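Computed from a predicted structure; not experimentally measured. Heavy atoms only: backbone and side chains are in, while hydrogens, waters and symmetry mates are out.
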Amino acid sequence: MMPAARESLLDAAYTALARRPWSAVRMVDVAAVAGVSRQTLYNEFGTKEGLARALVRREADAYLAGVERALATHADPRERLAATAEWTTSAARGNALVRAMLTGCWSERLPSPTLTAVPSASAVPAQRRADGALPSPADFVALVRDRAVAALAGPGTTRSDAFELARSCELVVRLALSCVAAPPGEGGVPGLVKAALTPSHRLGVRTATSS
């Protein structure tokens, strides 16, 4: 299947999920909205579970791509981490699947694919990828933390500084996740992050233009 057609199917599934519980989403309707046959849909994703896994994987990838963008938005490391935290909370507010993935709280309206890898007999590479393990909330913490460390660590960063940087980045990620459940007050997420990152937090010196 052409990538554009696959994206159309995932878009159709996402739109259907916004309108009704996943249990009420029908494969035939998803195929019709995407303009392909139901058989084409089954050929690509195998089952409704396969479609759900592919949809969750796509939303996870989109969230992580947003993290990368946020980490490149400013020169100041604290501003970059604040932007990452703000993106995390806004993405979770605007996308029920992202919120579920980050918190582990899957409502009855959503698909709830198993996070572990599942066996696949499909020869479609994208299908095999969707059958792989899906990130857990703890995985997301580690993924975002590691991306932040890679973006912020300067060429002269010592091992001790790298350790402190990793701790600061993980603090920001966990702070952002707490804001998903309990929105912050005045100052919003960026203000909360900057208050938490006191001058004692040793952050990298690499800037957005030199990274």
Practice problem: Any chance you could lay out the side chain to side chain donor-acceptor pair (under 3.5 Å) test for T40 and N43, step after step, and finish with the verdict? | Solution: CA-CA 5 Å; T40 298; N43 288 345; 5.2 Å; no
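- A distance of 15.0 Å separates OG1 of T157 from CZ of F163, quoted to the nearest 0.5 Å.
- Looking at R26 and K48, their side chains never come closer than 4.5 Å, going by heavy atoms from C-beta outward.
- Note on L134: it clusters hydrophobically with L55, by side-chain heavy-atom contacts below 4.5 Å among ILVMFWY residues.
- Here the NE2 atom belonging to H74 is positioned 9.0 Å from the OG1 atom belonging to T84, to the nearest 0.5 angstrom.
- With a 4.5 Å cut-off on side-chain heavy atoms, V173 and F140 do not count as touching.
- Counting heavy atoms from C-beta on, the side chains of W106 and L97 come closer than 4.5 Å.
- Residues V30 and Y42 fall within the same hydrophobic cluster, defined by Ile, Leu, Val, Met, Phe, Trp and Tyr side chains chained together at heavy-atom separations under 4.5 Å.
- The hydrophobic cluster containing L171 does not contain V180, counting ILVMFWY residues as joined when their side-chain heavy atoms lie under 4.5 angstrom apart, directly or transitively.
- Criterion: ILVMFWY side-chain heavy atoms under 4.5 Å apart, direct or through other members. Under it, V36 and V33 are not part of a common hydrophobic cluster.
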Exercise. Please report the C-alpha distance between D11 and R58 in whole Å, then the side-chain angles of each, then the deciding distance to 0.1 Å, and finally whether the salt bridge (charged side-chain N to carboxylate O under 4.0 Å, His left out) criterion is met.
Key: CA-CA 10 Å; D11 286 343; R58 185 183 73 163; 2.7 Å; yes
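- The closest donor-acceptor contact from the side chain of T73 to the backbone of A70 lies under 3.5 Å.
- Interatomic distance, L165 CG to T158 OG1, rounded to the nearest 0.5 Å: 10.0 Å.
- Considering every non-hydrogen atom in both A166 and V149, the closest pair reads CA-CG2, 3.6 Å.
- A 4.5 Å side-chain heavy-atom check between V189 and S90 finds every atom pair outside the cut-off.
- In this structure, A96 and L110 approach most closely via the heavy-atom pair O-CD1, 3.8 Å.
- For the pair L152 and L81, the minimum side-chain heavy-atom distance is below 4.5 Å.
- Residue-environment remark: CD (Q39) exceeds the threshold of 12 foreign heavy atoms within 6.0 Å.
- Distance CD/E79 to CG/L197: 10.5 Å, rounded to 0.5 Å.
- Not a single donor-acceptor pair under 3.5 Å links the side chain of R53 to the backbone N or O of A117.
- Interatomic distance, E44 CD to R6 CZ, rounded to the nearest 0.5 Å: 4.5 Å.
- Under a hydrophobic-cluster definition in which Ile, Leu, Val, Met, Phe, Trp and Tyr are linked whenever side-chain heavy atoms come within less than 4.5 Å, directly or via other members, F45 and L115 are assigned to the same cluster.
- Rounding to the nearest 0.5 Å places CG of D29 at 11.0 Å from CZ of R19.
- A donor and an acceptor atom, one from each side chain of T88 and Y63, are located under 3.5 Å apart.
- Annotation: side chain of L102 is not in contact with side chain of V141 (no heavy-atom distance under 4.5 Å).
- Counting all heavy atoms, side chain and backbone alike, P119 lies closest to D131 at O-OD2, 4.3 Å.
- Between the side chain of R57 and the backbone N or O of A133 there is at least one donor-acceptor pair closer than 3.5 Å.
- Under the 4.5 Å side-chain criterion, counting only non-hydrogen atoms from C-beta, V25 is not in contact with L51.
- Side-chain contact check for C169 versus V172: every heavy-atom pair is 4.5 Å or farther apart.
- Looking only at distances, a side-chain donor or acceptor of R80 sits under 3.5 Å from a matching main-chain atom of L71.
- Closest non-hydrogen pair, W87 versus V67, comes out as NE1-N, 3.4 Å.
- Closest heavy-atom contact between L175 and S178: O-OG, 2.6 Å.
- Between R145 and E170 the shortest heavy-atom distance is NH1-OE1, 2.9 Å.
- Other residues, nucleotides and ligands contribute more than 12 heavy atoms inside 6.0 Å of the CZ atom of R109.
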